[in-house]
Protein chains: 2
Amino acid sequence: MQTPAPGKRRYEKNRQQILAAARAILLEEGLQAISMRNLAEKVDYSPAALYKYFSGKEEILENLRQEAWALMHESEPGLPPGLPLQEVLLRMARNYIDFATRYPQYYLLVMSPSDNIPGNFEEFLQDPNFMPLIQFTEEAVASGAIRIPQGYTPLHLALFFWFSVHAISTLKVTMMNNCQDAFETTSLEAIQMVMAAFIKETPASFQSKGKRP
Amino acid sequence: MQTPAPGKRRYEKNRQQILAAARAILLEEGLQAISMRNLAEKVDYSPAALYKYFSGKEEILENLRQEAWALMHESEPGLPPGLPLQEVLLRMARNYIDFATRYPQYYLLVMSPSDNIPGNFEEFLQDPNFMPLIQFTEEAVASGAIRIPQGYTPLHLALFFWFSVHAISTLKVTMMNNCQDAFETTSLEAIQMVMAAFIKETPASFQSKGKRP
DNA sequence: TCTGTAGAGTGAACAACGTTTACTAATATA
DNA sequence: TATATTAGTAAACGTTGTTCACTCTACAGA
């Protein structure tokens, strides 16, 4: 009985099938097209049957949200060692923004109101999606690659970075649909400009010891 | 006939009354509580009657959105002359964030998907809510109070500033409900840190000639 | 192998939503 | 005053998420 009973396996398979259909609707027709009836018809179930697999629509969306985070993190390219620090940061930003650009529906879903949101600053700082960035910044500061003004911490710089990337992605997805690359280009330049002000100008490479965000 | 006919005046009064009720629901019960039926009952109308005054729910929300922008801009305190530039910028940021904190429902409404959103970068740059910030930054750079690195423009700095303020406000409203001031304090420090890197350290005052954002 | 029970699956309904339609009643205009 | 406009309504339409009472199937224990 090391493998689950066949009933349980079928159950799990159906569950994944429902999630796959929901994912397909999200990517092809958009977030607002995900309705229980629409979804049920796509998997040849009655709407009520979905409630045998999920407690409700919100649980299905929550699963897709986790998928989105995983997809974004696994699409991170392996950065070649010896890359200048500002290039590393720039690529991190670009990767995040590219994800939002390529999968706007995924990004909209991730940013849509959920019940799973941290309620305070401490929880946010320990969010697995944000913590690596803080760690990365701290290492960079500790190594001397980034110089932080007196009275401030690596957290401040990480926050700024996160703010910028988050704002650019959101704006691109929600407002700048019909725009050329002008917005993204200019925005990334803005990030670059600010980062350059803190990065100690050494062409010497910097490589984080932790896994990158 | 210089004043509108009494029928038209009553019509306009009813319209404003409906908007007032919608505003009350927004502030007291939240954005998701605004429904045509809920609103109709509050103003002692049948739901269908609202369609004699508005083309639909979206038009009502659009009116509230404009209210929100107006309210935010009129709540801007008159800055005393002779204020250091970084203090001016900091207060501008604080004013924006304070508005989102005081009226989270208004802010959520403003940021909710609308049909009136600019579709490209050029329109965005001419948005009356963003243009003053660019103007302000340009004046500050022209006067020498802010130094921009070579190859960059005041627009880059304005974008960064807008990104930060926007991101902080959104995070405060959507995620950081139960948190103390730690998040806002740290975030404002982050803005301050970055701004300080560009502001030429002169205690000499700077006063914009244009109206402030 | 037979049987009883847990559970997969369903049709119908409920409550709420935005909106439309056909209609009445009140008002403004001529 | 007669007429045309328009404010206002009840009822319905087509959605939505969710629940309930009910089958029928598949698996477990005798």
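Throughout, a chain's letter reflects where its sequence line sits, starting with A, and its residues are numbered from 1.
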Please determine if a side-chain N or O atom of [X] lies less than 4.0 Å away from the OP1 or OP2 oxygen of [N].
| X | N | answer |
| --- | --- | --- |
| A/Ser46 | C/dG9 | no |
| A/Arg10 | D/dC27 | yes |
| A/Tyr51 | C/dT10 | no |
| A/Tyr45 | C/dA8 | no |

- Between the base of D/dG8 and the side chain of B/Lys52, is there any donor-acceptor pair under 3.5 Å? yes
To the side chain of [X], which of [options] is closest?
| X | options | answer |
| --- | --- | --- |
| A/Ala49 | D/dG8, D/dA12, C/dG9 | C/dG9 |
| B/Ser35 | D/dG8, C/dA8, C/dC17 | C/dC17 |
| B/Arg37 | D/dA7, D/dT18, C/dT19 | C/dT19 |
| B/Ala48 | C/dA8, D/dG17, D/dA10 | D/dA10 |
| B/Lys57 | C/dG18, D/dT18, D/dG8 | C/dG18 |

Do the ring planes of A/Tyr45 and A/Tyr53 sit parallel (below 30°), tilted (30 to 60°) or perpendicular (above 60°)? tilted
Sugar-phosphate only, base, or nothing, as touched by [X] at under 4.0 Å among non-hydrogen atoms:
| X | value |
| --- | --- |
| B/Ile60 | nothing |
| A/Tyr53 | sugar-phosphate |
| A/Leu50 | nothing |

**Prompt:** More than 12 non-hydrogen atoms from neighbouring residues, nucleotides or ligands closer than 6.0 Å to OH on A/Tyr103, yes or no?
**Reply:** no
d([atom1], [X]; [atom2], [N]) in whole Å:
| X | N | atom1 | atom2 | value |
| --- | --- | --- | --- | --- |
| A/Met36 | C/dT10 | CE | C1' | 15 Å |
| B/Glu41 | C/dG18 | CD | P | 14 Å |
| B/Ile34 | C/dA16 | CD1 | C1' | 16 Å |
| B/Asn14 | C/dT27 | CG | P | 12 Å |
| A/Leu39 | D/dG17 | CG | P | 9 Å |
| B/Phe54 | C/dT19 | CZ | P | 13 Å |
| B/Gln32 | C/dA16 | CD | C1' | 14 Å |

Does [X] use its side chain to pair, donor to acceptor, with the backbone of [Y] at less than 3.5 Å?
| X | Y | result |
| --- | --- | --- |
| A/Glu62 | A/Glu58 | no |
| A/Ser75 | A/Met72 | yes |
| A/His166 | A/Phe163 | no |

